[in-house]
Structures are given as C-alpha cells and as structure tokens.
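Report on one structure; see the data block that follows.
Residues: numbered from 1 along the sequence shown.
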Amino acid sequence: MEVRLIDELDPPYNRRSRRTAQRPWLVLTNEPFPRLKVTRKVRLAQMGEALGPLTSGKQATRAVELLQAATGLRACTARLPATPDGRSPCHLYELGKCDAPCLTGRPQSEQVAAVQAALAGDVAGVASHTLGRIKALAGEERYEQAAGERDRLYALVAGAKNLEELRSLVGNRRIVAARRSGRGWDVVVMDYGMLRASAATRPGEEPEDLGAWLDAATEQLHEPEFALHVSHDEVRLLSAWLMHEDVRLIKVSRPDLLTRSLAGGCAVQLPQLPDSHPQD
C-alpha cells in the first residue's frame, strides 16, 4: 500500500519510489542501420527486446555507452539511409571504434545481434569483456578510466537484473503462492506483477485450499498494455517475497519466467570497490 500511495501522490521528498512508470529503458531503433535509444514507454510484448527499467537517465546513458563500446554498434544519432548518400564518416571511424555503415552501406549484423541479446537480458558476454578491460586499465594504473568502465557496467547489470525481476512477475498472468508465517501461511494472488489479494490460513487449514479459494474469488486483471503498468518498487517487493526459501508455489501461469538465467544480470559477479557510486 505504501509504494502505491507514493506512486499515486508523488510526494516531493521521496525520490526512490516516485514516478517509477517513467523510468528509462534501452531499445533498438527500427531503421536500416539500428542504433540504441532511451525510451520511457515499453509495451508488455516488447519486454524481450528492451533492457530495463533503469533508475535514471544517467544510468541509461552509461548502459548505452557500454553496449556501444563493447559491441561496436554505431553511436551516432543520425538516421542513415539504406544506401550511402556520400556523407563523410565521423571521428569514431578514424579512431577505429565504428565500421562506418554510413560510408560502406554494410549492415552491422553481428553488432545488432550482440545488442539484441543484451537487451533480452543476456549480458554475460558484455560483462566479461568489460571486466577484462577494467582489469587491463587498472594494471596500467589508469584508474579513472577503469572507474568509468566499472560504473557503466554497474548500470548495465542493474538494468538486466531489473528486467529479470520484472519479466518474472509482469510476464505471469497469475501467480498464487504461500509463505510460511509463524504457525501458519500467508497466501497471495498476483496478476501481471500486481498484488491482487492476500489472506492468512486459519489453524489446521492447508495453504493450497486457501490459495484455491482466493484464486476463484479474485477477478483476473486484464492484460496491461505497458510493462510498467505497476510500480517497479511493488514488483521488487513481491519478487523478494516470492524468492524466499519458505515460499510454496500453488499456481503459476508461466513457471519458466521465475527462473534466473546464468547469462543474466543476477549471475554477473561485479567488482566491489569502495569508491563506487553505481546509483548516481
């Protein structure tokens, strides 16, 4: 209830839980030579093609920069024609950081495929590449550049973790689950990541029986249009509750979405450095 009220009333001094539906995502543009862009609206059907939500515009920019550097995807913002129009390539071509599709007309198929995998949550390859670069920079005592790479990696991995967390709940039409509480059980019903009903078992009552009753008594929420139709903080709280070792799943529409990928953000081991500020 608290996170819903914060999202609804928008109190000026609560920064963390305000306007969570407007948090940024990363997507690829639909054009002959795709590029990354930041958007505030992602439809439910797009969740396999968008990374996020991220906590701020600065975090989104960091994640974009990392993906561009790690994959070689073009970083310019111009919309390029399918056939080169004679324009000169930018400085990134001279620095060897872009293969200049604006000049050659060749599609960046490998780069686009690598970015698509990362947007779907598979960030292990990009993370491994970046960790190697951080180690190399630190070995050369280029600590400021290493810190910048580290912060960009934190942003990308945070977005991938949020995606896994959000997709597992918002992608499920209905979840009915029970968690042990004292001598009884707390039973909840969630639709598309939103808490719909909850109750506690009476002495001697089985959680499955109460779960079946709640399931039948709770009206099914209509499929939402957007992924962040519910407060991201509500999803985070429900996800933490659901992943507890004492939870018993009674009904799950898409049990495959509750797993955590070995290539996803939750599996990446990040460097723990004392001067890191990943949430700036």
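- In this structure the side chain of L228 never reaches within 4.5 angstrom of the side chain of V42, judged on heavy atoms.
- Following chains of ILVMFWY side-chain contacts shorter than 4.5 Å, one can reach L119 starting from L153, so the two form part of one hydrophobic cluster.
- D215 and K251 are joined by a salt bridge, as a carboxylate oxygen and a charged side-chain nitrogen come within less than 4.0 angstrom of each other.
- Looking at every heavy atom in both residues, P89 comes nearest to C102 through CA-SG, 4.0 Å.
- Screening L257, L242, V230 for a side chain to side chain contact (heavy atoms under 4.5 Å, CB included) involving L169 leaves a single residue, L242.
- Taken to the nearest 0.5 Å, the CD atom of E149 stands 8.5 Å off from the NE2 atom of H129.
- Within the 4.5 Å cutoff, no side-chain heavy atoms of L28 are placed close to those of E49.
- Cluster annotation: L26 and Y154 are assigned to the same hydrophobic cluster (Ile/Leu/Val/Met/Phe/Trp/Tyr, side-chain heavy-atom contacts under 4.5 Å, transitive).
- The main-chain N or O of R173 is found under 3.5 Å from a side-chain atom of Q220 such that the two form a donor-acceptor pair.
- Contact record, Q111 with T71: CG-O, 2.9 Å, taken as the closest heavy-atom pair.
- In this structure, the side chain of E234 engages the main chain of L195 through a donor-acceptor pair within 3.5 Å.
- With hydrogens and angles disregarded, no donor-acceptor distance shorter than 3.5 Å links the side chain of S128 to the backbone of G125.
- Residues V64 and V38 meet the side-chain proximity criterion, which asks for heavy atoms closer than 4.5 Å.
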Problem set entry | Derivation and outcome, salt bridge (Lys or Arg N to Asp or Glu O under 4.0 Å), residues E164 and K161 | CA-CA 5 Å; E164 280 193 287; K161 287 181 177 179; over 6 Å; no

For this session: Apply side chain to side chain contact (heavy atoms under 4.5 Å, CB included) to L36 and Q68, showing your working.
Result: CA-CA 8 Å; L36 280 164; Q68 290 169 339; 4.2 Å; yes

For this session: Could you check E219 against R196 for side chain to side chain contact (heavy atoms under 4.5 Å, CB included), going step by step and ending with a plain yes or no?
Result: CA-CA 8 Å; E219 182 181 359; R196 298 284 288 157; 4.2 Å; yes

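- Other residues, nucleotides and ligands contribute more than 12 heavy atoms inside 6.0 Å of the CD atom of Q145.
- Atom CD of E140 is surrounded by more than 12 heavy atoms from other residues, nucleotides or ligands within 6.0 Å.
- Remark: side-chain polar atoms of N162 are not paired, donor with acceptor, to backbone N or O of G52 under 3.5 angstrom.
- Note that OG1 of T39 and CD of Q46 are 7.5 Å apart. Values are rounded to the nearest 0.5 Å.
- P101 approaches F33 most closely through the heavy-atom pair CB-CD2, 3.6 Å.
- Taking CG of L103 as the start and SG of C98 as the end, the distance is 10.0 Å to the nearest 0.5 Å.
- By the criterion of side-chain heavy atoms lying less than 4.5 angstrom apart, applied directly or through intervening Ile, Leu, Val, Met, Phe, Trp or Tyr residues, V170 is not grouped with F226; the two fall into different hydrophobic clusters.
- At distances below 3.5 Å, not a single donor-acceptor pair connects side-chain atoms of R174 with backbone N or O atoms of S253.
- Residues passing the side-chain contact (heavy atoms from CB on, under 4.5 Å) test with P224, sequence neighbours excluded: L44, Y192, H229.
- Looking at R179, its side chain never comes within 3.5 Å of a backbone N or O of D186 through a donor-acceptor pair.
- In terms of heavy atoms, L214 sits closest to A197 at CD2-CB, 4.2 Å.
- Annotation: H222, atom NE2; neighbour count of heavy atoms from other residues, nucleotides and ligands within 6.0 Å does not exceed 12.
- A salt bridge is absent between R62 and E65: the closest approach of a Lys/Arg side-chain nitrogen to an acidic carboxylate oxygen does not fall below 4.0 angstrom.
- With a 4.5 Å cut-off on side-chain heavy atoms, L156 and L51 count as touching.
- Closest approach of L258 and M243 over heavy atoms only: O-CE, 3.4 Å.
- A 4.5 Å side-chain heavy-atom check between L163 and W25 finds at least one atom pair inside the cut-off.
- Considering CZ of R254 and OG of S168, their distance stands at 11.5 Å, rounded to 0.5 Å.
- With hydrogens and angles disregarded, a donor-acceptor distance shorter than 3.5 Å links the side chain of R35 to the backbone of T77.
- For the pair T104 (side chain) and A100 (backbone), a donor-acceptor distance under 3.5 Å is present.
- Within the 3.5 Å criterion, the main-chain N or O of W185 finds a donor-acceptor partner in the side chain of T201.
- In terms of heavy atoms, E165 sits closest to S239 at CG-OG, 3.4 Å.
- W241 places a side-chain heavy atom less than 4.5 Å from the side chain of M190.
- Remark: side-chain polar atoms of Q108 are paired, donor with acceptor, to backbone N or O of R74 under 3.5 angstrom.
- Counting heavy-atom neighbours within 6.0 Å of R142 CZ, excluding the residue itself, gives a total above 12.
- Note that the CG atom of L67 and the CG atom of L73 stand 8.5 Å from one another [nearest 0.5 Å].
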For this session: In sequence, state the C-alpha distance, the side-chain angles, and the governing distance for I250 and L210, and then conclude on side chain to side chain contact (heavy atoms under 4.5 Å, CB included).
Result: CA-CA 10 Å; I250 299 172; L210 179 57; over 6 Å; no

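- A continuous path of ILVMFWY side-chain contacts below 4.5 Å connects V187 to W213, so both sit in one hydrophobic cluster.
- Taken together through direct or relayed side-chain contacts under 4.5 Å among Ile, Leu, Val, Met, Phe, Trp and Tyr, L237 and V189 form parts of separate hydrophobic clusters.
- Side-chain atoms of L238 and V188, non-hydrogen and from C-beta on, never get closer than 4.5 Å to each other.
- Under the 4.5 Å side-chain criterion, counting only non-hydrogen atoms from C-beta, K37 is in contact with V27.
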